[in-house]
Peer 1: 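Before we start, here is the structure in question, set down as structure tokens.
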Amino acid sequence: MHIRQGTTCTCRPSNPLPTNIVKDATSFLHMAMLFARSRNLVSSLRQNLGLSAILIKRNHSSPRPVFTNYQLSSRVFLDPSTSFRHESTAVETQPDLVQQSDHEDDAQELDFPGGKVGYTSEMKFIPESSSRRIPCYRVLNEHGKIISDRDFIPVSEKLAVRMYEQMATLQVMDHIFYEAQRQGRISFYLTSVGEEAINIASAAALSPEDVVLPQYREPGVLLWRGFTLEEFANQCFGNKADYGKGRQMPIHYGSNQHNYFTVSSPIATQLPQAAGVGYALKMEKKNACAVTFIGDGGTSEGDFHAGLNFAAVMEAPVVFICRNNGWAISTHISEQFRSDGIVVKGQAYGIRSIRVDGNDALAVYSAVRSAREMAVTEQRPVLIEAMTYRVGHHSTSDDSTKYREADEIQYWKMSRNPVNRFKKWVEDNGWWSEEDESKLRSSTRKQLLQAIQAAEKWEKQPLTELFNDVYDVKTKNLEEQEVGLKALVEKQPQDYPTGFHI
């Protein structure tokens, strides 16, 4: 193949290298071959060639530089002619992962595009897990007593009473709505039984300005923020007062007023979205963070890893709360992962993490409030693994006795009940009585039954709402579908509920 003179190849310089550079390179290679078998290769190269930019003595007396996002983005990609290179990553020291050694080589570091790292002549693989599991942060024991010398954020009488009232209200709401579904009055329901402390205590620790992206087992957060029992009922019945216009399944709540994203059925999609929301809050310099929830089963989704990594890299203020209740519907955690639960996954992405007793309302409150403070003031994501147990079935479509022992369920319902544990502590402080208990549950039950009766009487959304809000202007195929569905309803009205409007 003939190449015209002057044509430049894109993979190499168009002009030949100067003779002196070629000679220097040849001399360098010759010297490298002479030292190849020497254990003093590193020190010899440093002494004779001055390669201080490649091999750097570790200075234990001075801290490693930590760069901001701006510094990193502006300094990592330097001019190729510059010999000096900044560290590619800014990470916190992880002493438990550093292998200590007496070898002289460990006093030096190698500079790679991925960052500076020490080196060793010993081939050693990092173990798959630590010999000891990460401990679980706890404040109250099973009898509702404060564990001695426990570090926690104090809770006032007013706040503690409200927290308990909301936990009890959530219990009543779950019981009545579940029975309504069994009676055929609503099509679907999902309870939070056994996980009330995570719902209410986390909500109490947040600011109303914090944006919540739920999974589907966090109605207590919305309840705490002021969503009424009537609003819950309207959504479950999908009537004209439903903010979602009857398009969502029951329990898929949402509220712009309360900064609560609408529940979405696909698992874990809210985590990358939360990273984006947190980053937006950061860019707008808001004194708030994003808070998102997920179950242990959701950590098997790719979106879990994408969400955590995105938040870590962008330093987005996001609090990730994982409810590890041991079961992803009928799939046990032993069939999901081999790691020490979820908390260790945060460290892998460079995220500060904690494991907490999810059945301990005081522990959850303290952990979430502290995590929220870190996220907002330090502009960083935080991961919380809340250990708990799903006492109820996964949903009204599930029968958990097919894969769990009834005795196991009963044990957690009676002996490890988070509501009862917190109630004992509130009672011991003299802030609650049996009379208060009776009044609260009776009043809540009456109010909820009235809300359900009213929701049933509301008209359903008209059929046209099924096709609105999809596009600014309806497409031709949508118009054809709407005409076809109207014709079907008119032809077979007996197949549609009473009061259904075209």
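Only heavy atoms go into these numbers, but all of them, side chains included; no hydrogens, no water, no symmetry mates. No experiment lies behind these values; they were computed from the predicted model shown.
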Peer 1: Is the shortest side-chain N to carboxylate O distance from Glu482 to Lys474 below 4.0 Å?
Peer 2: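 Yes, Glu482 and Lys474 are salt-bridged.
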Peer 1: Could you tell me whether Glu490 and Lys486 have a side-chain N and a carboxylate O separated by less than 4.0 Å?
Peer 2: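 Judged by the 4.0 Å cut-off on N to carboxylate O distance, Glu490 and Lys486 do not form a salt bridge.
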Peer 1: Are the ring centres of His394 and Trp327 closer than 6.0 Å?
Peer 2: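 Between His394 and Trp327, the centre distance exceeds or equals 6.0 Å.
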Peer 1: Just checking, is any N or O donor in the side chain of Arg323 or Gln215 under 3.5 Å from an acceptor N or O on the other one?
Peer 2: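 Indeed, the side chains of Arg323 and Gln215 share at least one donor-acceptor pair under 3.5 Å.
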Peer 1: Quick test of your reading of the model: are Arg132 and Asp340 salt-bridged, counting only N-O distances below 4.0 Å?
Peer 2: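 No, this pair does not count.
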Peer 1: Are Phe237 and Trp458, when compared by the centres of their aromatic rings, separated by less than 6.0 Å?
Peer 2: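 No.
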Peer 1: Could you tell me if the ring centre of Trp425 sits under 6.0 Å from that of Trp432?
Peer 2: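 When the ring centroids of Trp425 and Trp432 are compared, they turn out to be at least 6.0 Å apart.
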Peer 1: Under a 3.5 Å distance rule, please check whether Asn239 uses its side chain to pair with a backbone N or O of Glu459 as donor and acceptor.
Peer 2: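 No.
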Peer 1: If you take the centroid of each ring, where Trp contributes its six-membered ring, are Phe232 and Tyr253 closer together than 6.0 Å?
Peer 2: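 Yes, ring centres under 6.0 Å apart.
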Peer 1: So Arg369 and Ile153, side chain to side chain contact (heavy atoms under 4.5 Å, CB included) or not? Walk me through it.
Peer 2: CA-CA 8 Å; Arg369 183 169 171 181; Ile153 299 175; 3.6 Å; yes
Peer 1: Please check: side-chain N/O of His332 versus main-chain N/O of Ser334, any donor-acceptor pairing under 3.5 Å?
Peer 2: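 At least one qualifying donor-acceptor pair exists.
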Peer 1: Is a side-chain N or O of Arg445 found less than 3.5 angstrom from the main chain of Leu440, in a donor-acceptor match?
Peer 2: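 Flag not set: sc Arg445 to bb Leu440 has no pair under 3.5 Å.
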Peer 1: Charged N to carboxylate O below 4.0 Å: is that the case for Arg247 and Asp469?
Peer 2: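 A salt bridge links Arg247 with Asp469.
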Peer 1: Taking Asp360 first and then Arg416, would you say they form a salt bridge - that is, a charged N and a carboxylate O separated by under 4.0 Å?
Peer 2: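 No, Asp360 and Arg416 are not salt-bridged.
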Peer 1: Has Arg390 got its NZ or CZ under 6.0 Å from the middle of the six-membered ring of Trp412, at an angle within 45 degrees of the ring axis?
Peer 2: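 No, Arg390 and Trp412 do not form such a contact.
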Peer 1: Let me know which of Asp303, Thr292, Val277, Val263 forms a side chain to side chain contact (heavy atoms under 4.5 Å, CB included) with Gln270.
Peer 2: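 Exactly one candidate clears the test, Thr292.
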Peer 1: Tell me if a side-chain donor or acceptor on Arg380 pairs with a main-chain N or O of Val376 at a distance below 3.5 Å.
Peer 2: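 Side chain of Arg380 to backbone of Val376, a donor-acceptor pair under 3.5 Å: no, none is there.
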Peer 1: Would you please test Phe227 and Gln257 for side chain to side chain contact (heavy atoms under 4.5 Å, CB included) and show each step?
Peer 2: CA-CA 9 Å; Phe227 207 68; Gln257 178 186 352; over 6 Å; no
Peer 1: Which atom pairs, one a donor and one an acceptor, fall under 3.5 Å between side chains of residues 167-175 and the rest of the protein, sequence neighbours left out?
Peer 2:
| unit_1 | atom_1 | unit_2 | atom_2 | d |
| --- | --- | --- | --- | --- |
| Thr169 | OG1 | Glu165 | O | 2.8 |
| Gln171 | OE1 | Arg441 | NH1 | 3.3 |
| Gln171 | OE1 | Arg441 | NH2 | 2.7 |
| Asp174 | OD1 | Tyr189 | OH | 2.8 |
| Asp174 | OD2 | Ser192 | N | 2.8 |

Peer 1: Ignoring hydrogens and angles, write down the donor-acceptor pairs under 3.5 Å from the side chains of residues 197-207, residues two or more places apart or on other chains.
Peer 2:
| unit_1 | atom_1 | unit_2 | atom_2 | d |
| --- | --- | --- | --- | --- |
| Asn199 | OD1 | Gly220 | N | 2.8 |
| Asn199 | ND2 | Glu195 | O | 3.2 |
| Asn199 | ND2 | Arg217 | O | 3.0 |
| Ser202 | OG | Ile198 | O | 2.5 |
| Ser202 | OG | Asn199 | O | 3.1 |
| Ser207 | OG | Glu209 | N | 3.3 |
| Ser207 | OG | Glu209 | OE1 | 2.6 |

Peer 1: Should Lys240 and Glu465 count as an ion pair when the cut-off is N to O under 4.0 Å?
Peer 2: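 Not counted as a salt bridge, because no side-chain N and carboxylate O are separated by less than 4.0 Å.
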Peer 1: Keeping the roles fixed (side chain from Arg355, backbone from Glu385), state whether a donor-acceptor pair exists under 3.5 Å.
Peer 2: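 It does not hold such a pair.
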Peer 1: Any non-hydrogen side-chain atom of Leu466 less than 4.5 Å from a side-chain atom of Leu485?
Peer 2: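 Leu466 vs Leu485: side chains touch.
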